[in-house]
Amino acid sequence: MKHFISVNDLQTTDVLDILDLAEHYRKYDHLKTQKQLFAANLFFEPSTRTKMSFIVAQRKLGIESLDFHSETSSMKKGESLYDTAKTFEAIGSDILVIRHEFDDWPEEICSSLNIPVINAGAGKKEHPTQCMLDLHTIYQEFGHFNKLNIVIAGDIKHSRVARSNAQTLRRMGANVYFCAAPTFMDKTLDFPYISMDEAVGICDVMMLLRIQHERHDQFASVENYHQAFGLTLDREKRMKKSAIILHPAPINRGVEIASELIECERSRIFQQMSNGVLIRMAIITKLLKERGLNDENFIEKRKTVVAAR
Ligand code: CP
């Protein structure tokens, strides 16, 4: 694993190894590398969770985070994304974390970079670290993925979270369904669509998505949308006792989900965010291990812990 770009690049063993490593970090918290390492976080789209949890993950690993603001960078003078990434490589960054609105930025820049790149969001195409933290949250709850009914509901057409999750969850053995208003369906993705009323009756996991207004100008009347396609208070009552609610956030309260349900008993939304730190620690460690830059003692210690379980 040279970079962490797409869920399609991951073997099933990679997925399980990352989940196991994240679980290890829940118990043993942090790893300090011997050598001073630097990570650059290049975000060209707004972010709270992903950017901040990458910074927390890096600091817990003893890695210095280099912050970057595109508005005050030399990109304002016309420097390209590739040249900016190459500059961070040249000045000593050991890892790059990038989020950009362009779907195909990884294909354009990664092959000529000699340091690992982590995809923190590529347009509407992929959000692989979100996918891994969602899988971690589901695995924590159920201990497996096999035959779980997972409904991904909302603006499927413009969602990178839906794309990364649907493919990976199906690969791990889950039954994946989509639920969307006709204008937000993407028929190029080969997953069955069901109504929200049908979805609440069968789902083990209800994964809600917000309307991605920044990617289109299709207006949805809030009240009509919530009643027709949202998780209302009434619909939540019809979910199985064991079913959980996920949302990558940010949330639009009262649109895709009733405000009262965000912190209800079956919601794992804030747990997802906590898991985001562990998963990002795991992914960074795996990439550094590949380059021989991690603390080998840590990996040896972990092997002993895993073997003892
Ligand atoms: N879920 C997610 O990617 O959130 P941010 O946009 O705040 O990073």
Side-chain angles (χ1 to χ4, degrees), residues 4-7 18-19 22 39-60 65-71 95-103 105-106 117-140 150-169 184 205-216 231 244-253 255-257 259 261-263 267-284:
F4 188 83
I5 298 302
S6 168
V7 287
I18 290 168
L19 299 188
N41 301 303
L42 314 184
F43 279 68
F44 299 90
E45 283 189 322
S47 172
T48 300
R49 276 147 292 273
T50 311
K51 184 172 177 180
M52 291 304 141
S53 62
F54 263 114
I55 291 173
V56 173
Q58 289 155 8
R59 292 191 181 162
K60 284 190 173 221
S65 305
L66 304 175
D67 208 1
F68 167 85
H69 301 278
S70 60
E71 287 305 303
I95 200 156
L96 292 178
V97 179
I98 301 179
R99 170 177 286 192
H100 197 286
E101 65 184 354
F102 179 44
D103 281 7
W105 66 258
V117 179
I118 301 178
N119 179 358
K124 55 183 167 27
K125 193 170 173 185
E126 279 247 29
H127 195 347
T129 65
Q130 177 71 44
C131 170
M132 291 305 303
L133 74 89
D134 292 340
L135 262 66
H136 187 51
T137 311
I138 295 167
Y139 196 81
Q140 250 185 322
I150 300 189
V151 175
I152 306 179
D155 184 357
I156 303 292
K157 191 172 183 175
H158 306 99
S159 172
R160 54 192 174 209
V161 175
R163 278 169 180 70
S164 291
N165 267 310
Q167 293 170 36
T168 315
L169 284 163
F184 297 137
V205 177
M206 172 61 74
M207 186 183 292
L208 296 158
L209 306 171
R210 74 185 170 87
I211 300 172
Q212 303 267 310
H213 288 292
E214 70 275 31
R215 304 196 196 284
H216 58 81
L231 186 61
I244 59 169
I245 298 169
L246 302 184
H247 193 312
I251 299 159
N252 289 142
R253 287 174 178 262
V255 184
E256 67 272 15
I257 180 170
S259 189
L261 297 178
I262 290 164
E263 293 180 64
S267 169
R268 300 291 180 270
I269 296 172
F270 289 95
Q271 188 179 322
Q272 285 174 272
M273 296 176 206
S274 306
N275 287 342
V277 174
L278 305 174
I279 278 293
R280 286 164 180 131
M281 289 172 80
I283 292 166
I284 291 169

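Ligands are counted one by one from 1 in listed order, and the atoms in each one are counted from 1 as well.
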Near T48, which atoms of ligand 1 are under 4.0 Å from a heavy atom of that residue? 5 (P), 7 (O), 8 (O)

Any non-hydrogen atom of E45 lying under 4.0 Å from ligand 1? no

For K157, the salt bridge (charged side-chain N to carboxylate O under 4.0 Å, His left out) test, sequence neighbours excluded, returns none

How far is atom 4 (O) of ligand 1 from its nearest protein heavy atom, and which residue and atom name does that atom have? R49 NE, 3.1 Å

Measure the distance from atom 6 (O) of ligand 1 to every protein heavy atom, then report the residue, atom name and distance (to 0.1 Å) of the closest one. R99 NH1, 3.0 Å

Is the shortest distance from a heavy atom of M52 to ligand 1 less than 4.0 Å? no

Proximal ligand 1 atoms for T50, defined as those under 4.0 Å from one of its heavy atoms: 2 (C), 3 (O), 4 (O), 5 (P), 8 (O)

Nearest 0.5 Å please: distance from the CG atom of L209 over to the CG atom of D155. 7.5 Å

Contact (N/O only, under 3.5 Å) between K51 and ligand 1: no

Taking N or O atoms only and a 3.5 Å limit, does P250 qualify as a polar contact for ligand 1? no

If we count only N and O atoms by modelled type, under 3.5 Å, do the side chains of T137 and Q272 hold a donor and an acceptor together? no

Do R99 and H127 have side-chain N/O donor and acceptor atoms under 3.5 Å apart? yes

Enter the distance from E45:CD to T50:OG1 here, rounded to the nearest 0.5 Å. 10.0 Å

One should read off an interatomic distance between I245 CD1 and L231 CG, to the nearest 0.5 angstrom, of 5.0 Å

